[in-house]
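We count residues from 1, following the sequence as given. Scope of the values below: all heavy atoms of this structure, side chains included, with no hydrogens, waters or symmetry mates.
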Amino acid sequence: MNDDLLKQLDKTKMPRHVAIIMDGNGRWANALGLLRTAGHTAGVKTLKKILTVAVDLNLEALTVYAFSTENWKRPPAEVDFLMHLFSEYIEKEKMEMHEKNVRIRFIGRTDDFSPTIQKQIQGAVNLMKNNTGVKFNIAADYGGQDEIIRAAQNLARKVADGEISAEQISASVFEDELDTVGQPPVDLLIRTGGDQRISNFLLWQSAYAELWFTNTQWPDFTPEEFISALKDFGKRDRRFGGVK
Ligand code: IPE
Ligand code: IPE
Ligand code: MG
């Protein structure tokens, strides 16, 4: 990472929470005559680099979309490959993340993952639970609609049990039921791969996110391009519905 580039960033205009839709692995691989899975392997290397930048910048929160609730529709061999890669990634990287004071969390369902992966997830979460650095959220078997439905179900149960009244449900009470509880809303949402859509990612949390799209496929995404997205964020005029 080029230190000069980091120095160009205005630290007073940094996003607190950056979310990334890491898209384009398959197309990146196909363009090189490789199998889609090679793109996923290459994508993990990019993720490592971007997390390092987040640590260097002491970003408050970084959430990455690794596997959506809709991605189960993919061919079983690809799903299987992604599961293995996911498990390998957690095991290989957790100590280094821990040393960097990263606090890992997983958002999404996880109940459909194999018992082994569920255990690995729990192990990594426990290992880093007292860390105070970057809040690193991996969205796995995650869907924004699914998350909102689960939150609504929890609240409905609480109302049925007489714990709270329906009128007490406010935005902040609702947020306490989301997987991202306690974290700031998304300030900057980045999507690589050229498509300009949300694909069921962080629907609630991105209500006022600044959107940033690039045609770069995820395996080709660099720390330099990440920094340019952060720089661009610093120039945005955020009004949140108000006037200047
Ligand atoms: C993103 O890359 C990674 C996952 C969804 C797991 P894709 O696999 O969607 O790659 P493209 O979009 O087909 O190129
Ligand atoms: C979004 O990418 C999910 C992840 C990056 C994990 P997809 O490739 O699944 O999204 P669509 O199908 O293009 O909307
Ligand atoms: Mg895709």
Side-chain angles (χ1 to χ4, degrees), residues 15-23 47 60-74 76 78-80 82-83 85-87 89-90 94 102-131 134-191 195 197-209 211:
R16 291 180 66 191
H17 189 169
V18 178
I20 308 181
I21 302 176
M22 309 182 287
D23 197 27
L47 177 56
E60 184 173 341
L62 175 70
T63 303
V64 298
Y65 209 2
F67 193 85
S68 75
T69 45
E70 287 70 37
N71 286 149
W72 294 109
K73 290 183 211 161
R74 296 189 176 198
E78 182 171 343
V79 170
D80 223 49
L82 285 167
M83 293 300 140
L85 196 64
F86 188 51
S87 144
Y89 172 72
I90 301 171
K94 68 177 180 193
V102 168
R103 176 157 180 183
I104 205 171
R105 281 193 185 87
F106 291 81
I107 62 167
R109 307 194 54 101
T110 69
D111 51 340
D112 282 326
F113 289 144
S114 73
T116 309
I117 294 183
Q118 291 188 42
K119 241 184 253 156
Q120 289 171 332
I121 287 176
Q122 216 39 63
V125 169
N126 286 339
L127 175 72
M128 289 175 246
K129 68 172 190 283
N130 295 321
N131 290 354
V134 178
K135 295 180 174 105
F136 179 45
N137 308 302
I138 300 186
D141 199 4
Y142 176 88
Q145 292 179 340
D146 176 75
E147 181 190 34
I148 290 168
I149 288 167
R150 284 186 284 111
Q153 287 172 341
N154 287 341
L155 288 169
R157 268 182 227 114
K158 287 184 180 174
V159 171
D161 293 346
E163 257 179 71
I164 56 163
S165 69
E167 290 67 33
Q168 280 175 306
I169 300 175
S170 59
S172 95
V173 167
F174 200 88
E175 279 167 1
D176 286 345
E177 300 297 335
L178 295 174
D179 298 342
T180 49
V181 54
Q183 304 201 35
V186 175
D187 294 309
L188 173 63
L189 175 61
I190 295 173
R191 182 173 186 141
D195 290 306
R197 57 176 170 259
I198 304 291
S199 300
N200 204 9
F201 193 38
L202 299 170
L203 298 180
W204 174 287
Q205 298 86 341
S206 298
Y208 270 101
L211 309 180

Go through it in stages, so that I can follow the logic: the residues are Gln205 and Glu147, the test is side chain to side chain contact (heavy atoms under 4.5 Å, CB included), and I'd like the CA-CA distance, side-chain angles, deciding distance and then a yes or no.
CA-CA 11 Å; Gln205 298 86 341; Glu147 181 190 34; 3.1 Å; yes
Test salt bridge (Lys or Arg N to Asp or Glu O under 4.0 Å) on Arg105 and Asp179 and set out the steps.
CA-CA 9 Å; Arg105 281 193 185 87; Asp179 298 342; over 6 Å; no
Criterion side chain to side chain contact (heavy atoms under 4.5 Å, CB included) on Val186 and Thr180, from CA distance to verdict:
CA-CA 10 Å; Val186 175; Thr180 49; over 6 Å; no
Could you please spell out the steps behind the side chain to side chain contact (heavy atoms under 4.5 Å, CB included) verdict for Asn131 and Phe136?
CA-CA 11 Å; Asn131 290 354; Phe136 179 45; over 6 Å; no
Decide side chain to side chain contact (heavy atoms under 4.5 Å, CB included) for Ile104 and Lys94; before the verdict, give the C-alpha distance in whole Å, the side-chain angles of both, and the deciding distance to 0.1 Å.
CA-CA 9 Å; Ile104 205 171; Lys94 68 177 180 193; over 6 Å; no
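Scored by the side chain to side chain donor-acceptor pair (under 3.5 Å) test, Thr69 finds no partners at all (sequence neighbours excluded). By the side chain to side chain donor-acceptor pair (under 3.5 Å) test, Arg74 is found to be paired with Glu78, residues two or more places apart in sequence or in another chain being considered.
Side chains of Ile164 and Val159 form a contact here, defined as non-hydrogen atoms less than 4.5 Å apart. At a threshold of 4.5 Å between non-hydrogen side-chain atoms, the residues Val79 and Phe67 count as touching. Asn71 places none of its side-chain heavy atoms less than 4.5 Å from the side chain of Leu82. Counting heavy atoms from C-beta on, the side chains of Arg197 and Arg191 come closer than 4.5 Å. Proximity of Thr63 to Ile107: side-chain heavy atoms (C-beta onward) are separated by under 4.5 Å at one or more points. Two residues are said to be in side-chain contact when any heavy atoms from C-beta on lie closer than 4.5 Å; His17 and Lys135 fail this criterion. Met83 has its side chain out of reach of Ser114: every pair of non-hydrogen atoms, C-beta onward, lies at least 4.5 Å apart. Residues Gln118 and Ile121 form no side-chain contact, since every pair of their non-hydrogen atoms from C-beta on lies 4.5 Å or further apart.
Summarising the geometry of Leu203 relative to Tyr142, their closest heavy-atom pair is N-OH, 4.3 Å, with the distance given to 0.1 Å. Residues Ile198 and Ile21 approach most closely at O-CD1, 3.5 Å, considering heavy atoms. Pairing each heavy atom of Ala66 with each of Met22, the nearest pair is CA-CE, 3.9 Å. Across every non-hydrogen atom of Leu202 and Ala19, the tightest pair is CD1-CB, 3.6 Å. Of all the heavy atoms in Pro15 and Leu188, the pair that sits closest is CB-CB, 4.2 Å.
With Asn200 contributing its side chain and Gln145 its backbone, the two residues share a donor-acceptor pair below 3.5 Å. In terms of modelled atom types and a separation under 3.5 Å, the side chain of Arg16 and the main chain of Asp187 share no donor-acceptor contact. Counting only distance, with no hydrogens or angles, the side chain of Glu177 and the backbone of Ala152 share no donor-acceptor pair below 3.5 Å.
With rounding to the nearest 0.5 angstrom, the CG atom of Asp146 is 10.5 Å from the OG atom of Ser68. Of the inter-residue distances, the one linking Gln122 atom CD with Thr110 atom OG1 reads 8.0 Å to the nearest 0.5 angstrom. With rounding to the nearest 0.5 Å, the separation of CZ in Phe86 from CD1 in Ile138 is 5.5 Å. Between atom CD1 of residue Ile90 and atom NZ of residue Lys119 there is a gap of 13.5 Å, rounded to the nearest 0.5 Å. One finds the CG atom of Asp141 at 5.5 Å from the CG atom of Asp112 (value rounded to the nearest 0.5 Å).
Using the six-membered ring where Trp is involved, Phe174 and Trp204 have ring planes that are parallel, under 30° apart on the 30 and 60° scheme. Relative orientation of the Phe201 and Tyr65 rings is parallel, given thresholds of 30° and 60° on the angle between their planes.
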